[in-house]
Amino acid sequence: MLQVQFIRDNKQTVLKGLAKRNFADAEAIIDDVLKADETRRETQVLLDNVLSESNKISKEIGNLFKSGEVQKANLLKEKTGQLKEQSKELTEKLNEAADKLQELLYQIPNIPHASVVAGKNEEDNEEVFREGVIPNLGEKALPHWELAKKYDIIDFDLGAKITGAGFPVYKGKGARLQRALINYFLDKNTAAGYKEVQVPHLVNEASGFGTGQLPDKEGQMYHVTGDDLYLIPTAEVPVTNLFRGELVQESDLPITLTGYTPCFRREAGSYGAHVRGLNRLHQFDKVEIVRVEHPDNSYEALNGMVEHIKEILRELKLPYRILRLCGGDTGFTSALTFDFEVFSTAQDRWLEISSASNFETYQANRLKLRFKNKEGKNELAHTLNGSSLALPRVLAGILENYQTEDGINIPEVLVPYCGFDKIN
């Protein structure tokens with residue numbers, strides 16, 4: 001979340017940033033934040049004064065008893081009783097003000113980076129890069145859901161029988177290709193210096209608030225009500241929360257981690273070809289990269305993440321493009337996001353396969369993730385994350401773009417991982 005001091009010192013900058021996001025009633029909620037903070041600070045001063053006076057009188061009472069002035073001491077004890085009642089009331093008022101302030105801050109998204117343009121939705125995103133050759137497959141090209149059925153490698157009906165729509169069953173070479181992609185992505189990430197971690201697939205409420213999924217995306221998460229836990233929507237949540245409440249040394253930065261997890265998203269789906277097959281799932285696999293950075297280096301790190309994802313897509317030889325998201329399409333917690341999309345030739349459309357984002361101090365402030373700088377002061381770190389990559393649409397792109405009349409070729413870089421070079 002945004003820091004109150006930053007809002008207080010940069011009100012107009014905050015309002016301009018929220019305007020880029022088309023954030024409704026921005027001025028009203030910012031004014032409410034400043035009022036709540038003023039109440040909190042004033043109450044804190046009153047409480048500090050009462051506690052200070054109470055401590056002073058307590059010492060005086062001790063001295064009076066020592067000197068035998070019992071009557072004066074007892075009179076002052078009555079005064080301390082009044083001060084204790086006062087401090088109790090002020091503490092309750094302070095807690096109420098702090099809770100109200102926190103609640104308001106949770107409602108405010110991050111401020112977009114200066115390079116982010118205003119816009120309403122995905123139609124206003126800026127294409128900043130494109131690479132790769134779109135194959136000419138001819139009129140007989142099939143979408144991946146038909147290829148999956150033809151070669152018996154993914155069964156959507158069987159998944160629906162077991163669980164429901166959006167939970168596919170991968171079979172035979174389909175399952176092996178899925179596993180090959182996971183291992184390939186992890187190997188690429190660890191070779192680039194990311195440390196592999198395996199993390200829980202359920203998180204508590206504090207973790208959801210820490211990375212900003214709660215309260216913003218509560219309706220999109222599967223909630224295990226009996227234990228008050230949430231199935232993770234992405235590895236970003238448990239991996240970043242490894243550092244919740246931590247104070248790291250500046251020399252520890254950057255911290256770079258990668259992890260594979262299944263991901264679970266409720267996402268009330270619409271109907272049509274754009275959500276068929278692997279295009280939108282409730283359970284899917286993803287390999288994530290997460291960075292904790294010094295604020296001075298975070299945008300250089302974001303560029304490095306973008307180049308790393310580019311390299312993976314080049315090796316897979318998939319046609320792709322990169323979009324810089326506009327204010328209206330940028331995620332709640334992000335300051336700047338680049339989306340990667342692979343071209344699905346059989347569907348004749350772009351499919352999002354990755355996002356690389358810099359959250360600046362937004363998540364770190366929620367997480368209380370700090371580092372001790374060279375001056376010995378505690379400073380909020382910057383957090384970043386990216387998909388490298390989300391598997392369903394990468395798999396869809398491979399099946400569709402690599403299809404031939406006699407089967408589906410496997411990208412050369414994946415053959416050693418799969419143990420076969422064609423699905424037929």
Side-chain angles (χ1 to χ4, degrees), residues 1 21 103 106-107 109-110 121-122 144-145 148 154-170 178 182 199-241 259-288 290 325 328-334 337 339-341 349-355 357 359 362-363 366 385-387 389-396:
M1 60 191 171
R21 288 181 170 273
E103 186 180 327
Y106 278 144
Q107 297 174 38
N110 202 355
N121 51 44
E122 60 185 21
H144 68 269
W145 54 86
I154 307 171
D155 196 321
F156 297 99
D157 293 333
L158 192 55
K161 171 187 172 182
I162 298 167
T163 309
F167 295 87
V169 173
Y170 298 86
Q178 180 89 339
I182 293 167
V199 289
H201 301 160
L202 293 113
V203 294
N204 55 30
E205 187 178 69
S207 294
F209 274 97
T211 44
Q213 279 67 34
L214 297 176
D216 178 53
K217 293 183 174 63
E218 188 165 10
Q220 296 180 25
M221 297 173 73
Y222 286 98
H223 188 194
V224 184
T225 53
D227 298 300
D228 197 21
L229 297 173
Y230 294 85
L231 286 166
I232 60 170
T234 166
E236 168 203 342
V237 182
V239 174
T240 311
N241 270 280
Y260 151 70
T261 64
C263 304
F264 304 88
R265 298 184 187 179
R266 294 185 65 238
E267 290 192 275
S270 54
Y271 297 92
H274 67 290
V275 295
R276 286 191 66 180
L278 299 171
N279 288 349
R280 182 174 296 172
L281 300 176
H282 295 305
Q283 178 182 328
F284 59 95
D285 291 321
K286 187 150 69 88
V287 175
E288 197 81 359
V290 170
L325 300 192
D329 201 33
T330 298
F332 191 87
T333 54
S334 175
T337 296
D339 268 7
F340 284 73
E341 297 182 337
R349 59 187 293 259
W350 293 97
L351 304 174
E352 182 194 336
I353 54 166
S354 176
S355 289
S357 302
F359 306 101
Y362 193 91
Q363 287 183 335
R366 288 185 175 215
N385 86 275
S387 310
L389 294 161
L391 273 79
R393 293 173 183 173
V394 171
L395 188 58

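Quick caveat: nothing in here was measured; it's all calculated off a predicted structure.
Side chain of R21 to backbone of N110: a donor-acceptor contact under 3.5 angstrom is found. Within the 3.5 Å criterion, the main-chain N or O of Q220 finds no donor-acceptor partner in the side chain of R265. At least one donor-acceptor pair under 3.5 Å links the side chain of H282 to the backbone N or O of R266. No side-chain donor-acceptor contact under 3.5 Å links N385 to the backbone of E236. In this structure, the side chain of H144 engages the main chain of L278 through a donor-acceptor pair within 3.5 Å.
Between T211 and F359 there is no side-chain heavy-atom pair separated by less than 4.5 Å. The side-chain heavy atoms of V237 and Y230, taken from C-beta on, include no pair separated by under 4.5 Å. Within the 4.5 Å cutoff, side-chain heavy atoms of H223 are placed close to those of D228. In this structure the side chain of S387 reaches within 4.5 angstrom of the side chain of E288, judged on heavy atoms. For the pair D329 and N121, the minimum side-chain heavy-atom distance is 4.5 Å or more. Using a 4.5 Å cut-off on side-chain heavy atoms (C-beta onward), I232 and T261 make contact. The closest side-chain heavy-atom distance from F284 to L391 is not below 4.5 Å. Proximity of M221 to L214: side-chain heavy atoms (C-beta onward) are separated by under 4.5 Å at one or more points.
With rounding to the nearest 0.5 Å, the separation of CH2 in W145 from CZ in R276 is 5.0 Å. Rounding to the nearest 0.5 Å gives a distance of 5.0 Å between OG1 of T333 and CD of Q363. In this structure, OH in Y170 is found 6.0 Å from CG in L395, a value given to the nearest 0.5 Å. Going from atom CD of E341 over to atom CG of L351 covers 8.0 Å, rounded to the nearest 0.5 Å. Considering CD1 of I353 and CG of D339, their distance stands at 10.0 Å, rounded to 0.5 Å. Between the CG atom of N241 and the CZ atom of F209 there is a distance of 12.0 Å, given to the nearest 0.5 Å.
Closest approach of R366 and G212 over heavy atoms only: NH1-CA, 3.3 Å. Closest approach of D155 and D157 over heavy atoms only: OD1-N, 3.1 Å. Here the closest non-hydrogen pair linking P238 and V199 is CG-CG2, 3.6 Å. For the residue pair A235 and C263, the shortest heavy atom distance occurs at N-SG, 4.4 Å. The heavy-atom pair separating P168 from I154 by the smallest distance is CB-CG2, 3.8 Å.
Between F264 and Y222, the angle of the ring planes goes over 60°, which puts this pair in the perpendicular group of the 30/60° scheme.
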